[in-house]
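As a basis for the values below, the full set of heavy atoms in this structure was taken, side chains included, without hydrogen atoms, waters or symmetry mates. Worth saying up front: this structure is predicted, and the values here are computed from it rather than measured. Each chain gets a letter, A, B and so on, in the order its sequence line appears, and its residues count up from 1.
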Amino acid sequence: MPELPEVETIKQSLAPYVLGQRIREVTLYQPRVVARPGPEDFCRLQAGATVRSLARRGKYLLFYLEEERVLVVHLRLTGRLVWQASPGPLSKHTHVVWHLDNGFLLYEDLRRFGRLWLVRETELVEVAGLAALGPEPLGEGLGGSWAAAFWRRDRPLKSLLLDQRFVAGIGNIYADEILHRAGLHPLRRAATLSKGEAEALAEAIRNVLTEAIEHRGTSIRDYVDGQGASGQHQDFLQVHGRAGKACYRCGTPVVRIKLGGRGTYFCPGCQQ
DNA sequence: CCGAACCTGTGT
DNA sequence: ACACAGGTTCGG
C-alpha cells in the first residue's frame with residue numbers, strides 16, 4: 001500500500017494524537033505480524049511507556065518511546081495505522097491495538113505482509129532492511145555522487161528506483177510517475193543516462209514525491225491516513241493505472257508492461 | 001536475473 | 001478459474 005508519501009502522511013496525521021501519550025496497554029491479536037521480540041515482550045515492554053517522537057525512514061515508521069525503545073512499523077502492501085477515540089467493533093484484520101490515554105491506535109493489515117519490531121535504539125540496525133536503505137530522496141542525499149552511481153548500473157531505470165538500497169521510499173506507483181515526469185523509459189539502462197537526464201531524474205523524484213505528500217498520498221484501494229482519511233493524489237496520476245488511455249502530455253496511449261513482476265505503465269510517446 | 005513465497009480480496 | 005494488487009525476502 002504505502003510508499004514514502006503515504007508513510008509521511010500517516011506520520012504527520014498521527015503525530016497530534018499520539019505524541020506525549022502514554023501507552024496503557026498493548027493487545028496483540030495476530031502474533032505473526034510482530035517480527036521481534038516475542039509476543040509477550042512486545043506487549044509488556046511498551047506498557048506504561050510514553051510516545052516521545054515520530055520519525056520516518058524510507059517506508060519505515062518509527063515511534064520513539066521511553067527508555068530508548070523504538071517501535072518500528074513497515075506497512076508493506078495493505079498495512080494501516082489509524083487512531084480512534086473509541087475502539088469500536090474491531091475488524092478481522094485488526095492485529096494490534098495500543099490503548100493510549102486519549103484513545104486507541106489500531107494496526108490493521110488485510111494481507112498481513114506488514115511487520116512490527118520493538119527494539120532498543122542501538123538495535124535499529126537489526127531491523128530487516130532498515131540499515132541498508134539508500135538516501136532519503138527529500139533530503140540532501142541526491143547530489144552528484146549519488147547521480148554518479150547511475151553510470152555504473154547496467155539495470156533498467158525502474159528496477160533501480162525500486163531498489164531501496166539505491167534510494168529509499170519509492171514504490172511501484174511513484175516509480176512509474178517519476179519516470180514519466182523525467183521523460184525516461186522504464187527499461188532504459190541507467191548507465192546510458194546523460195548528465196542532464198540524471199539531473200532531470202533526481203528533480204523528478206523530488207517533485208513527484210513532494211506533490212504526492214501535498215495531496216496526502218494516493219488512495220487506489222486500501223490506503224488511508226492516521227485518521228482514516230483517503231488521499232487525493234490518485235486524481236493526479238499521469239500514467240500509473242492508465243493503460244490504453246491518452247497521455248495527458250502528448251496524447252499517445254499509455255502502455256502497460258511487466259517489469260520484474262510488477263505492472264509498469266509508461267507513455268511510449270514521451271518516455272525514451 | 002526470475003519466480004515463488006508470504007496473504008486476502010476484488011475484478012474480469 | 002485466473003489475473004492482479006502502494007512490498008520485501010528467499011531460493012534456484
Side-chain angles (χ1 to χ4, degrees), chain A residues 1-11 29-36 56-61 72-82 91-96 107-117 126-134 137 153-180 186-187 189-191 205 208-209 211-213 215-226 229-244 256-265:
Chain A
M1 175 210 301
E3 307 179 32
L4 185 153
E6 289 74 36
V7 180
E8 179 64 24
T9 304
I10 290 169
K11 187 193 102 179
Y29 296 95
Q30 175 51 267
R32 287 181 62 101
V33 302
V34 174
R36 63 171 288 182
R56 179 193 57 72
R57 178 78 174 93
K59 302 172 192 171
Y60 295 80
L61 190 56
V72 183
V73 183
H74 195 305
L75 302 167
R76 296 281 175 91
L77 281 166
T78 54
R80 294 173 163 185
L81 278 169
V82 182
S91 87
K92 61 191 278 195
H93 302 302
T94 304
H95 306 313
V96 188
Y107 175 70
E108 307 176 328
D109 192 348
L110 186 151
R111 295 176 72 178
R112 277 191 269 143
F113 288 162
R115 285 295 176 268
L116 296 84
W117 298 257
E126 296 170 37
V127 173
L130 188 59
L133 289 178
R153 307 290 188 126
D154 186 30
R155 296 173 62 180
L157 280 178
K158 179 164 177 183
S159 60
L160 195 57
L161 291 181
L162 291 176
D163 186 339
Q164 302 299 300
R165 297 168 302 185
F166 186 66
V167 54
I170 298 171
N172 203 37
I173 293 178
Y174 297 113
D176 287 350
E177 295 297 305
I178 287 163
L179 290 169
H180 180 264
L187 291 174
R189 298 274 148 172
I205 290 172
V208 167
L209 295 179
E211 290 164 24
I213 291 171
H215 293 136
R216 306 188 60 76
T218 300
S219 294
I220 292 177
R221 146 177 299 112
D222 299 295
Y223 166 70
V224 293
D225 72 12
S230 294
Q232 279 79 52
H233 196 68
Q234 63 278 7
D235 297 334
F236 296 84
L237 296 178
Q238 300 294 299
V239 285
H240 188 87
R242 299 194 63 244
R256 178 185 185 278
I257 60 172
K258 270 221 172 208
L259 197 166
R262 318 296 303 278
T264 295
Y265 300 84

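Under 4.0 angstrom from either OP1 or OP2 of C:dG7 there lies no side-chain N or O belonging to A:H74. Residue A:Q164 places at least one side-chain N or O closer than 4.0 Å to OP1 or OP2 of C:dT8. Remark: A:K258 is not in phosphate contact with B:dG3, judged by side-chain N or O atoms under 4.0 Å from OP1 or OP2. For the OP1/OP2 pair of C:dG7 and a distance below 4.0 Å, the side-chain nitrogens and oxygens of A:R262 include at least one atom meeting the criterion.
Panel note: side chain A:Q164, backbone A:G129; no donor-acceptor pair is recorded below 3.5 Å. Judged by distance alone, with hydrogens and angles left aside, the side-chain atoms of A:Q232 form no donor-acceptor pair with the main-chain N or O of A:T218 at under 3.5 Å. No donor-acceptor pair under 3.5 Å is formed between the side chain of A:E177 and the backbone N or O of A:A175.
Residue ring and nucleobase are not stacked for A:F113 and C:dT8 under a centre distance beneath 5.5 angstrom and an angle between planes beneath 30°.
Whole-Å rounding puts the A:R112 CZ to C:dT8 C1' distance at 17 Å. Remark: P of C:dA5 and CZ of A:R111 are 10 Å apart, rounded to the nearest angstrom. Distance CG (A:L133) to P (C:dG7): 14 Å, rounded to an integer number of Å. Rounded to an integer number of Å, the gap from A:R76 CZ to C:dA5 P is 18 Å. Straight-line distance from the CD atom of A:E126 to the P atom of C:dT9: 15 Å, rounded to whole Å. Distance CD (A:Q30) to C1' (B:dT8): 13 Å, rounded to an integer number of Å. Spacing between atom NE2 of A:H93 and atom C1' of B:dT8 amounts to 7 Å, rounded to whole angstrom units. When the P atom of C:dA5 is taken as reference, atom CG of A:D109 falls 18 Å away, rounded to whole Å.
For the segment residues 2-11 of chain A, the set of residues with a heavy atom within less than 4.0 Å of an atom of DNA chain C comprises A:P2, A:E3, in numerical order. The stretch residues 169-178 of chain A touches DNA chain C through A:G171, A:N172, A:I173, each having a heavy atom within less than 4.0 Å of the strand.
Here the side chains of A:N172 and A:K158 are in contact, with some heavy-atom distance below 4.5 Å. Proximity of A:H215 to A:F236: side-chain heavy atoms (C-beta onward) are separated by under 4.5 Å at one or more points. Using a 4.5 Å cut-off on side-chain heavy atoms (C-beta onward), A:L161 and A:I205 make contact. Under the 4.5 Å side-chain criterion, counting only non-hydrogen atoms from C-beta, A:T264 is in contact with A:D176. Looking at A:L4 and A:I213, their side chains come closer than 4.5 Å, going by heavy atoms from C-beta outward. The shortest distance between side-chain heavy atoms of A:W117 and A:L130 does not fall below 4.5 Å. Looking only at side-chain heavy atoms (C-beta outward), A:R111 and A:R76 stay at 4.5 Å or farther from each other.
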| field | Pairing pattern in dot-bracket form [Watson-Crick, G-U; both distances under 3.5 Å; | = partner strand] for DNA chain C | value | |||||.||||||

Write down the protein N/O and nucleotide N/O pairs, taken from nucleotides 10-12 of chain B, whose separation is under 3.5 Å; answer none if there are no such pairs.
none

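Residue A:D222 is classed as a base contact, given a heavy-atom separation below 4.0 Å to a base. Residue contacts for A:R155: at a heavy-atom cut-off of 4.0 Å it reaches the sugar-phosphate backbone alone, with no base atom in range. Within 4.0 Å (heavy atoms only), A:R256 reaches sugar-phosphate atoms of the nucleic acid but no base atom.
Summarising the geometry, atom CG belonging to A:D222 is positioned 10.5 Å from atom CD belonging to A:E108; distances are rounded to the nearest 0.5 Å.
A:H74 pairs by the ring-ring contact (aromatic ring centres under 6.0 Å, His included) definition with A:Y60, not counting sequence neighbours. Applying the ring-ring contact (aromatic ring centres under 6.0 Å, His included) test to A:Y107 and every residue at least two apart in sequence or in another chain returns nothing.
One C1' atom belongs to C:dA5, the other to B:dC1, and the distance between them is 23 Å to the nearest Å. The C1' atoms of C:dA1 and B:dC6 are separated by 22 Å, rounded to the nearest whole Å.
Between A:Y174 and the choices A:H240, A:H233, A:E6, the side-chain hydrogen bond (donor to acceptor under 3.5 Å, both in side chains) rule is met once, by A:E6.
The minimum heavy-atom distance between A:L75 and A:P2, with the atom names listed, is CB-CG, 3.4 Å.
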